[in-house]
Amino acid sequence: MTVRTRFAPSPTGFLHIGGVRTALFNWLLARHFGGQFLLRIDDTDQERHVEDAVKGILDGFRWIGIDWDEGPDVGGPNGPYYQSQRTANYQAAVRRLIDSGHVYRDYSTEAERAVEKAAAERAKRAYRFRRLALSPEELARNESEGRPYALRFQVPLGRTLVVHDLIKGDITFSTDDIGDFVVVRPDGSPLYNFASVVDDLAMGITHVVRAEEHLSNTFPQLLVFEALGSALPAFAHVPYVAEPGSKAKMSKRKIQQYEDQGVLVYLHQYIERGYLPDALLNYLARLGWSYDATQEIFSRAELIEKFTLERVTSSPASHDQDKLFWIEGEWMKVLPLERKIAGVLPYLKSEGLVAEPVTDADRAKIEAVILALGDRLKVFSDILKLGRFFFTKEVVHDPDAVKRRLRKDTVPAMLAALDAVLAEVEPYDLATLEKVIHAYAERSGRKMGDVVNPLRVATTGQGVGPGLYDCLFILGRETCRTRIAQTLDMLKAEPTTA
RNA sequence: GGCCCCGUCGUCUAGCCUGGCUCAGGACACAUGCCUUUCACGCAUGCAACACGGGUUCGAAUCCCGUCGGGGUCACCA
């Protein structure tokens, strides 16, 4: 039997990293065993449907490289892959449940149930719907009046259910703790616990790997599988992703708070920052899963080869952006130069830092900048933070750097002398630049640091960055001299007080 | 509140099933030092955990019980 897994998002918004991780585990499991991974859109609740959410979800998976064998866009033999388009399947299944007496009509109103729920809440009791005893007359009247009804599953009392969860182990649950759940709404639309079972059956899903919050849903679903007379798939419940530095589950209500702390929770935010798909994939796989005591970096192929559910942790893992950032750095280090150029380009374009279409000269310059930046470039958007000054005309001084490196009486005269050196150096290349600046330091009896650092701030505006000679060379003689002049003017306008 | 799941350094985790090899290993982060032209990289060193309490045992992070803590669920959401 080939392994078939699925990820079934509801199109209610953006894909968050916890969801991506769950999908990843499904995908990895299927790929590891050479099976199939399917995508299904669980959109039975049209009220919560968000326009374009599906597109965002699919694009997200495409970006990170999680491909699906069946599902939206690619189709497949078990379609359609939107629950909203599978009503015939649900109707047929409901028919069988009605015929076998597993479901009954519930004419209760929302107001009536609200009263019950409130009472249960007050009594600190779990709310469980049980079949209302209606007299034959009431039943007949309801029917003749055409009152709307939902179809509920008649839960058998006094049974103990056991599920052999591949991550959590054996879990037992009493049917006494399951209320009669709604299977079909009065308007005929099916609910999750029912639709998902019907679909998993129809689609031949062998392993249901999903988020931990579905653990208690498993038991009503077990009853539906049974009522339909089907064998059970294997279940695996993946622990939730907790907020950084805590064991509390990430909450959609706290998104703003996370953002204020610089924590990104949605996939698209990482894409926008210029993270690498391989790095995020690597990080997400390691969040709650390990192969052995030491390995941290895994390629896609290695993940597929080594992933098993047995090694998924049964306790929650909190999102650690620092670790992700480190893994990102490891992957960026080995990314081919061409890919780095391509990755950085959109950011430069969007800020108008390079002309469009990109000229050969710009391309060569970007290449030189990336080489000079080296390991400092971790995510593609860093090009703006770290390399902006290479592409602007004017220099913008960082106040802290100015204070630290330029606010000394001796600096203006030195910069003037250095300007003269730059004016004459020939040829204007890396090796010669290094030679003449060394010579200047020696001649003036200064330490290299006292020459290099002020010159860096004067020409780049920054206190930190690539090697100075790289900067001087890429910037070019004219730009460097103009910027030194600009710096001198600034220092004159705001003389050193110390 | 009922039911269910979970509990090893700040974080991700190894070890737990099959007690001794572990006064608990690796990684991120942090600190210090080296390298050095700043930063990043790299290298070295350091800091730091078995939630708590009982029990079983010659011996427990590992087995059992209890307590506490965290989470999920109790929808005509998924």
Side-chain angles (χ1 to χ4, degrees), chain A residues 8-12 42-45 47-48 83 106 108-110 113 117 120-129 148-152 165 167-169 171-174 176-179 181-187 189 191-193 195-196 210-219 237 239-240 242 244-249 283 286-297 311 313-327 329 333 373-378 386 401 404-405 437 441 447-453 455-457 460 462-469:
Chain A
S10 61
T12 52
D42 281 10
D43 57 352
T44 54
D45 188 356
E47 282 180 26
R48 302 204 316 157
Q83 289 193 325
D106 167 30
S108 70
T109 64
E110 189 171 357
R113 294 190 305 272
K117 272 185 219 176
E121 177 111 2
R122 253 178 287 126
K124 292 199 175 297
R125 221 178 50 223
Y127 168 71
R128 288 187 197 96
F129 191 97
Y149 59 86
L151 251 24
R152 283 197 190 254
D165 192 278
I167 292 173
K168 301 278 188 181
I171 300 160
T172 60
F173 204 89
S174 166
D176 295 350
D177 293 319
I178 306 172
F181 52 95
V182 174
V183 157
V184 178
R185 293 186 181 89
D187 70 0
S189 60
L191 272 95
Y192 175 76
N193 276 333
S196 139
R210 81 236 292 196
E212 189 177 18
E213 54 257 39
H214 287 293
L215 191 53
S216 39
N217 280 145
T218 308
F219 300 95
H237 287 91
Y240 61 91
S246 143
K247 285 292 178 205
K249 189 177 185 255
Y283 166 75
R286 275 289 287 107
L287 190 65
W289 172 84
S290 67
Y291 175 67
D292 59 19
T294 56
Q295 188 172 359
E296 301 287 348
I297 303 299
R311 295 201 61 86
T313 330
S314 56
S315 56
S318 60
H319 177 41
D320 184 353
Q321 266 191 167
D322 287 331
K323 182 95 175 222
L324 167 57
F325 196 64
W326 173 75
I327 290 177
K333 276 182 200 168
L373 246 21
D375 294 339
R376 295 170 187 83
L377 186 88
K378 306 260 199 213
L386 268 27
R404 192 160 129 81
R405 304 295 191 188
I437 287 171
K447 285 188 288 191
M448 278 308 286
D450 292 338
V451 176
V452 165
N453 289 316
L455 185 53
R456 175 198 312 284
V457 180
T460 72
Q462 303 297 305
V464 300
L468 178 69
Y469 309 119

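Quick caveat: nothing in here was measured; it's all calculated off a predicted structure. The figures that follow rest on heavy atoms only: side chains count, while hydrogens, waters and symmetry mates do not.
Note on A:G288: only backbone sugar-phosphate atoms sit closer than 4.0 angstrom, heavy atoms only; bases stay farther off. No contact: A:G374 has no heavy atom under 4.0 Å from any strand. Nucleic acid contact for A:D165: none, since no nucleic acid atom lies under 4.0 Å from a heavy atom of the residue. Within the 4.0 angstrom heavy-atom criterion, no nucleotide atom of any strand lies near A:R404. In this structure, A:R405 reaches the sugar-phosphate backbone alone: every heavy-atom distance under 4.0 Å involves primed, P, OP1 or OP2 atoms, never a base. Across all strands shown, A:P316 has heavy atoms under 4.0 Å from sugar-phosphate atoms exclusively, and none from any base. Among the atoms of the strands shown, base atoms are found under 4.0 Å from some heavy atom of A:P466. Within 4.0 Å (heavy atoms only), A:H214 reaches at least one base atom of the nucleic acid. Here A:L191 lies in heavy-atom contact (under 4.0 Å) with sugar-phosphate atoms only. Counting any heavy atom pair closer than 4.0 Å across all strands shown, A:Y192 reaches a base atom. Using a 4.0 Å heavy-atom cutoff across all strands shown, A:F219 reaches no nucleic acid atom at all.
Across the P atoms, B:G15 and B:G53 are found 26 Å apart, a figure rounded to whole Å. The same atom, P, is picked in B:C43 and in B:G7; the two are 34 Å apart, to the nearest Å. Comparing the C1' positions of B:G25 and B:U8 gives an interatomic distance of 12 Å, to the nearest angstrom. Taking atom P on both B:U22 and B:A40, the two are 36 Å apart, rounded to the nearest angstrom. B:C65 and B:U56 have their C1' atoms separated by 11 Å, with the value rounded to a whole Å. Rounded to a whole angstrom, the distance from the C1' atom of B:C5 to that of B:G10 is 24 Å. Here the separation of B:G20 from B:G54, taken at their P atoms, is 23 Å to the nearest Å.
Geometrically, A:R311 does not engage A:Y291 in a cation-pi contact defined by less than 6.0 Å to the ring centre and at most 45° from the axis.
Remark: B:A27 base-pairs with B:U11. Criterion, Watson-Crick or G-U wobble with two distances under 3.5 Å. Nucleotide B:U32 forms a Watson-Crick or G-U wobble pair with B:A44, both donor-acceptor distances falling under 3.5 Å. Both distances falling under 3.5 Å, in either a Watson-Crick or a G-U wobble arrangement, place B:C74 opposite B:G1. If you check B:C21 for Watson-Crick or wobble pairing at under 3.5 angstrom, you find it has no partner at all. Look at B:A60: it lacks any Watson-Crick or wobble partner with both distances under 3.5 angstrom. Across all strands shown, B:C52 is found opposite B:G66 as a Watson-Crick or G-U wobble partner, with both distances under 3.5 Å.
For the pair A:V451/A:I437, a side-chain contact is recorded, criterion being any heavy-atom separation below 4.5 Å from C-beta on. Residues A:V182 and A:F129 have side chains not in contact (no heavy-atom distance under 4.5 Å, counting atoms from C-beta outward).
For A:T44, taking side-chain heavy atoms from C-beta onward, the closest of the listed nucleotides B:C77, B:G1, B:G2 is B:C77. When distances run from any side-chain atom of A:E213 to the nucleotides B:U73, B:G70, B:A27, the shortest one goes to B:U73. Of the listed nucleotides (B:A78, B:U73, B:G26), B:G26 has the atom at the smallest distance from the side chain of A:K323. Closest approach to the A:F173 side chain among B:G2, B:G71, B:C3 is made by B:C3 (side chain taken as heavy atoms from C-beta onward). When each of B:G72, B:C5, B:C41 is scored by its nearest atom to the side-chain atoms of A:D375, the top-ranked nucleotide is B:C41. Nearest nucleotide to the side chain of A:W326, out of B:U38, B:A27, B:C5: B:A27. Nearest nucleotide to the side chain of A:R376, out of B:A40, B:C6, B:C76: B:A40. The A:D322 side chain lies nearest to B:C28 when the options are B:C28, B:U37, B:C76. Residue A:N453 has its side chain nearest to B:U38 when only B:U38, B:A29, B:C4 are considered. Taking the side chain of A:S318 as heavy atoms from C-beta on, and the options B:C5, B:C12, B:U38, the nearest nucleotide is B:C12.
Neither OP1 nor OP2 of B:C4 sits under 4.0 Å from any side-chain N or O of A:T172. For A:K247 and B:C12, the shortest distance from a side-chain N or O to OP1 or OP2 is below 4.0 Å. A sub-4.0 Å separation between OP1 or OP2 of B:A27 and a side-chain N or O of A:R286 is absent. Within the 4.0 Å cut-off from OP1 or OP2 of B:C77, at least one side-chain nitrogen or oxygen of A:R185 is found. The phosphate of B:C76 (OP1 or OP2) has a side-chain N or O of A:K117 nearer than 4.0 angstrom. One finds a side-chain N or O of A:T313 lying less than 4.0 angstrom from the OP1 or OP2 phosphate oxygen of B:U13. Contact annotation: A:T294 does not reach the phosphate of B:A27 (side-chain N/O to OP1 or OP2, under 4.0 Å). At B:A40, none of the side-chain N or O atoms of A:K333 fall inside 4.0 Å of OP1 or OP2 (strictly under the cut-off).
Per the geometry, OH belonging to A:Y240 stands 6 Å off P belonging to B:G71, to the nearest Å. Atom pair A:Y283:OH and B:A27:P shows a separation of 18 Å (rounding to whole Å applied).
For A:R128 against B:C74, no side-chain N or O and base N or O form a donor-acceptor pair under 3.5 Å. Side-chain atoms of A:E212 stay outside donor-acceptor range of the base of B:G71, with no qualifying N/O pair under 3.5 Å. A:D43 contributes no side-chain N or O that forms a donor-acceptor pair with the base of B:A78 under 3.5 Å.
A:E212 CD to A:K249 NZ: the interatomic distance, rounded to the nearest 0.5 Å, is 9.0 Å. Remark: A:L191 CG to A:L151 CG distance equals 11.0 Å, nearest 0.5 Å. From A:D322, atom CG reaches atom CD1 of A:I327 across 11.5 Å, with rounding to the nearest 0.5 Å.
Mapping A:S290 and A:S314 onto RNA chain B by nearest heavy atom places A:S314 closer to the 5' end of the strand. Summary of the strand contacts: A:L377 and A:W289 both lie near RNA chain B, and taking for each the nucleotide with the nearest heavy atom, the more 5' one is attributed to A:W289.
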- With side chain to side chain contact (heavy atoms under 4.5 Å, CB included) as the test, would you mind laying out the steps for A:R405 and A:L455 before giving the verdict? CA-CA 9 Å; A:R405 304 295 191 188; A:L455 185 53; over 6 Å; no
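With 3.5 Å as the limit, one finds a donor-acceptor pair spanning the side chains of A:H237 and A:T218. For A:Q83 and A:D43, the side-chain atoms include no donor-acceptor pair closer than 3.5 Å.
Here the closest heavy-atom approach between residue A:I171 and residue A:K168 is recorded as CD1-CB, 3.7 Å.
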